[in-house]
Number of protein chains: 2
Amino acid sequence: MMGPNIETSRSAHVIAARAVHDPLAALDPLKAAGARLSVKRGEEIVGEGNAADYCYKVVSGSVRLVKLVADGRRQVCEFLVAGDFIGLTADAHHYFTAEATADSVLMRYPCRRVESLIAGDPALAQHVHKLTTSGLRRAYERMVLICHKSAQERIAWFLLEMGKRSAGSDTFMLPMTRADIADYLGLVIETVSRVLTQLKVAGTIQVRNINRITLVDRDALEAATGEG
Amino acid sequence: MMGPNIETSRSAHVIAARAVHDPLAALDPLKAAGARLSVKRGEEIVGEGNAADYCYKVVSGSVRLVKLVADGRRQVCEFLVAGDFIGLTADAHHYFTAEATADSVLMRYPCRRVESLIAGDPALAQHVHKLTTSGLRRAYERMVLICHKSAQERIAWFLLEMGKRSAGSDTFMLPMTRADIADYLGLVIETVSRVLTQLKVAGTIQVRNINRITLVDRDALEAATGEG
DNA sequence: CGCCAGGTTGAGAGCAATCAAGCGCGGTGG
DNA sequence: CCACCGCGCTTGATTGCTCTCAACCTGGCG
C-alpha cells in the first residue's frame, strides 16, 4: 500500500492537469492490471456480501444494481451504463448484487490497486467521491419519485431519463425488461405494462419490438411527470 | 489554506495511526476554523441549491435531510445525529435541505478548508468516502423498505433502528414529529399514528409523552419487520 | 412445430391515502 | 389562576390507486 504512493506522488500535478479533461484518465496505469470481460444478459457480476476484491467499469451494455429481499422480490437500486463504475465502495464487501441487464463488456480492476492509485492522487480521489455523492443524490431523487409520484408520473420520468442517456435521441432501446423497470420504480410488471400501453394509445410514445421506444410527444411526457 | 496542509502532511503516519481509533481526528486542525452554532427545532441549516461554502458536523440534537417536492410535500432522505456530517458533497451546491428536527448544536467548517485537509490525507479521504458510500447503502436499503414493506413493517423497522441509535436502550425519545417519520418512510401522518396505536394496544411498545417510546417486546417488533 | 420467457390484458381485492372531526398539551395573555 | 389558542396527534369514514390473481398473447429458438 506504500509502494504505489511513491510512484504516483511523483507526478501528482501532471495527473491533476489531465484530470481537467477526464479525471478518470488517472486510472490509465491500471490498464495493464485490468481484465476485459464479457457477460451475458442476466449474468451476475458481483454478489451482495462478496469480498470487494475487484471493482468494475462498464465498457458497453447495461448493468443493474439490485438488492434481493427475503421473500424473493428485488429492488433495482440503479441502472449503470458505459462509463459507470461498480464497487468503489471503500468497504470490504459489496452491499449490492450487480447483474447485466443486457450482454455487456466490463473492465475489471483489483480494488487494492485502484485504492492505492486514489490514495496518491487527491484530484482522482475527489472525482471518485463525486461519483458516489452523485449516486446518493440520484437515490434521494428516486425516493421522492417513489414516495410522491403516481405510476404514470414515475414511468414518464423514467422514459425521459432513458431518453437523456441516449444522447437526446427520440428513439432508443430499453436495455432492460419490464420487471427491471418495475423493480426500479417500485411498481409491478403489470402496472408498467399498463402505463406504457396508456402512453402508447395516447400517442405520447411509440413501442416497437417490445423494447424500442420512440418519444413522440416530449412535452406531454414532461407534463405527465407532474413537475413544473 | 496552506497552513493545515503543511501541518498534516508532516505527520501522515501519526494521523493514520490515530485514524484507527477515530479517523476524523485528522480534522482536529479545523477546530480553530470551525464555528459552533445552535439551531432551534425547525430551523434551516442548509438549503437545497445553496452554494456549498460550509459543511457541518452534528454535535448534539437531530437533523433531517429533506427534498421538497413541487406540490408542497417533502421527502425526508435521512436523519442525522451526533457525529454525522452534512454537506461533504464534493460538489459546488447542496442537493438537499438540512433542518433541525430538535434543538441542536453544530460545528460549521469552510468546505475549502476541509477539502484541502482531505487532499493531503489519503486515510481521511478514504474515511470520508466511506461515510458517503455508507449513506448510499442506507439509501438503497430504505428503497427496499419503501417499495416492498407494509406500513407496519416499515414502522417496526424504524423503531428498532431508533433503538439501536440509543445505545440499545429500550426507552428513548423520538427527536422528530410524526410528519418527519411519515416523510421518511413514505407514509402519511395518519398511517404512522394508526400503526403506533396498533403496536401500543398490542403491547409491543409503550408511548409516553408523545415521543417517549419504550420497546416492550423486541422479538415481536423484529417479527413485524417481515425479515427472517 | 411446440415450447417458453417475457409481455399484455382483465377482474377483483386490499392497503394506505384522503377527507374530516375531535383530542390533548403547552404556552400566552387577561 | 383560568380561559383561550394553536400545533401536533389521534381516530373515523370513505375513496381509489395499485397489487394480486388469472388468462392469454407474442416472438424467438431449438
Side-chain angles (χ1 to χ4, degrees), chain A residues 40-43 64 69 71-76 99-103 145-156 158 173-202 205-213 224 226, chain B residues 40-42 64 69 71-76 99 101-103 145-156 158 173-202 205-213 224 226:
Chain A
K40 293 226 164 293
R41 185 169 66 103
E43 210 170 310
R64 60 173 177 252
V69 192
D71 58 1
R73 288 143 127 194
R74 313 176 312 163
Q75 177 64 33
V76 172
E99 300 163 329
T101 67
D103 295 353
L145 192 76
I146 289 169
C147 291
H148 295 291
K149 301 291 182 181
S150 70
Q152 277 227 23
E153 291 170 330
R154 295 183 216 183
I155 288 173
F158 177 76
M173 290 291 288
L174 292 179
M176 70 288 283
T177 66
R178 300 287 186 273
D180 290 327
I181 299 171
D183 290 342
Y184 183 63
L185 298 175
L187 299 169
V188 294
I189 306 179
E190 296 94 322
T191 302
V192 173
S193 183
R194 268 183 255 272
V195 172
L196 286 176
T197 301
Q198 285 168 24
L199 291 172
K200 194 169 61 179
V201 300
I205 63 171
Q206 283 184 3
V207 182
R208 283 192 282 248
N209 294 350
I210 306 298
N211 281 341
R212 176 160 231 93
I213 302 284
Chain B
K40 295 225 163 293
R41 184 169 67 103
R64 62 174 175 251
V69 193
D71 59 1
R73 289 142 127 194
R74 312 177 313 163
Q75 175 64 35
V76 172
E99 300 162 330
T101 67
D103 296 352
L145 193 75
I146 290 169
C147 290
H148 295 292
K149 301 290 182 181
S150 69
Q152 279 226 22
E153 290 170 331
R154 294 183 216 183
I155 288 173
F158 177 75
M173 291 289 289
L174 293 179
M176 70 288 284
T177 66
R178 301 285 186 274
D180 289 329
I181 299 171
D183 290 342
Y184 183 63
L185 298 176
L187 300 169
V188 294
I189 306 179
E190 295 94 323
T191 303
V192 172
S193 183
R194 268 184 254 273
V195 172
L196 286 177
T197 300
Q198 286 168 24
L199 292 171
K200 193 169 61 180
V201 301
I205 63 171
Q206 283 183 4
V207 182
R208 282 192 283 246
N209 294 350
I210 307 298
N211 281 342
R212 175 158 233 96
I213 302 283

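Proteins come first, then strands; the chains are lettered A, B, ... in the order of their sequence lines, and each starts at number 1.
Residue B:Ala151 has its side chain nearest to C:dA16 when only C:dT9, C:dA16, D:dC19 are considered. Comparing D:dT11, C:dT9, C:dT18 against the side chain of A:Arg194 picks out C:dT9 as the nearest. Side-chain atoms of B:Arg178 lie closest to D:dT10 of the nucleotides C:dT9, D:dT10, C:dT18. Taking the side chain of B:Thr197 as heavy atoms from C-beta on, and the options D:dT18, D:dT11, C:dT8, the nearest nucleotide is D:dT11. Residue B:Thr191 has its side chain nearest to C:dA16 when only D:dT20, C:dT8, C:dA16 are considered.
Distance B:Arg208 CZ to C:dG24 P: 19 Å, rounded to the nearest Å. Spacing between atom CG of A:Asn211 and atom C1' of C:dA5 amounts to 13 Å, rounded to whole angstrom units. The CG atom of B:Asp183 sits 12 Å away from the P atom of D:dC9 (whole-angstrom rounding). Separating the CD1 atom of B:Ile155 from the C1' atom of D:dT10 is a distance of 13 Å, rounded to the nearest angstrom. In this structure, B:Asp180 atom CG and D:dG8 atom P are separated by 10 Å, rounded to whole Å. Going from atom CD of A:Glu190 over to atom C1' of C:dG12 covers 13 Å, rounded to whole Å. In this entry the distance linking CD1 of A:Ile189 with C1' of D:dC25 reads 15 Å, nearest Å. In this entry the distance linking CG of A:Leu185 with P of D:dC17 reads 19 Å, nearest Å.
Here the closest heavy-atom approach between residue B:Thr191 and residue B:Ala151 is recorded as CG2-CB, 3.6 Å.
The 12-atom threshold is not exceeded at CG of A:Asn209, counting heavy atoms of other residues, nucleotides or ligands nearer than 6.0 Å.
Contacts of A:Leu196 with the nucleic acid, taken as non-hydrogen atoms under 4.0 Å apart, are absent. If you check every strand for non-hydrogen atoms under 4.0 Å, B:Gly186 touches sugar and phosphate atoms only. Within the 4.0 angstrom heavy-atom criterion, only backbone atoms of the sugar-phosphate kind lie near B:Thr177; the bases stay farther away.
The phosphate of C:dT18 (OP1 or OP2) has a side-chain N or O of B:Arg73 nearer than 4.0 angstrom.
Of the two residues contacting DNA chain D, namely B:Ser193 and A:Asn209, the nearest-nucleotide position lying further toward the 5' end is that of B:Ser193. Between A:Ile210 and B:Arg41, the residue anchored nearer the 5' end of DNA chain D, judged by the nucleotide with its closest heavy atom, is B:Arg41.
A salt bridge links B:Asp180 and B:Arg74; the closest N-O separation between the charged side-chain nitrogens and carboxylate oxygens is under 4.0 Å.
Note that CD1 of B:Ile181 and CG of B:Leu187 are 10.0 Å apart. Values are rounded to the nearest 0.5 Å.
Between the side chain of A:Gln206 and the backbone N or O of A:Ile213, no donor-acceptor pair lies under 3.5 Å.
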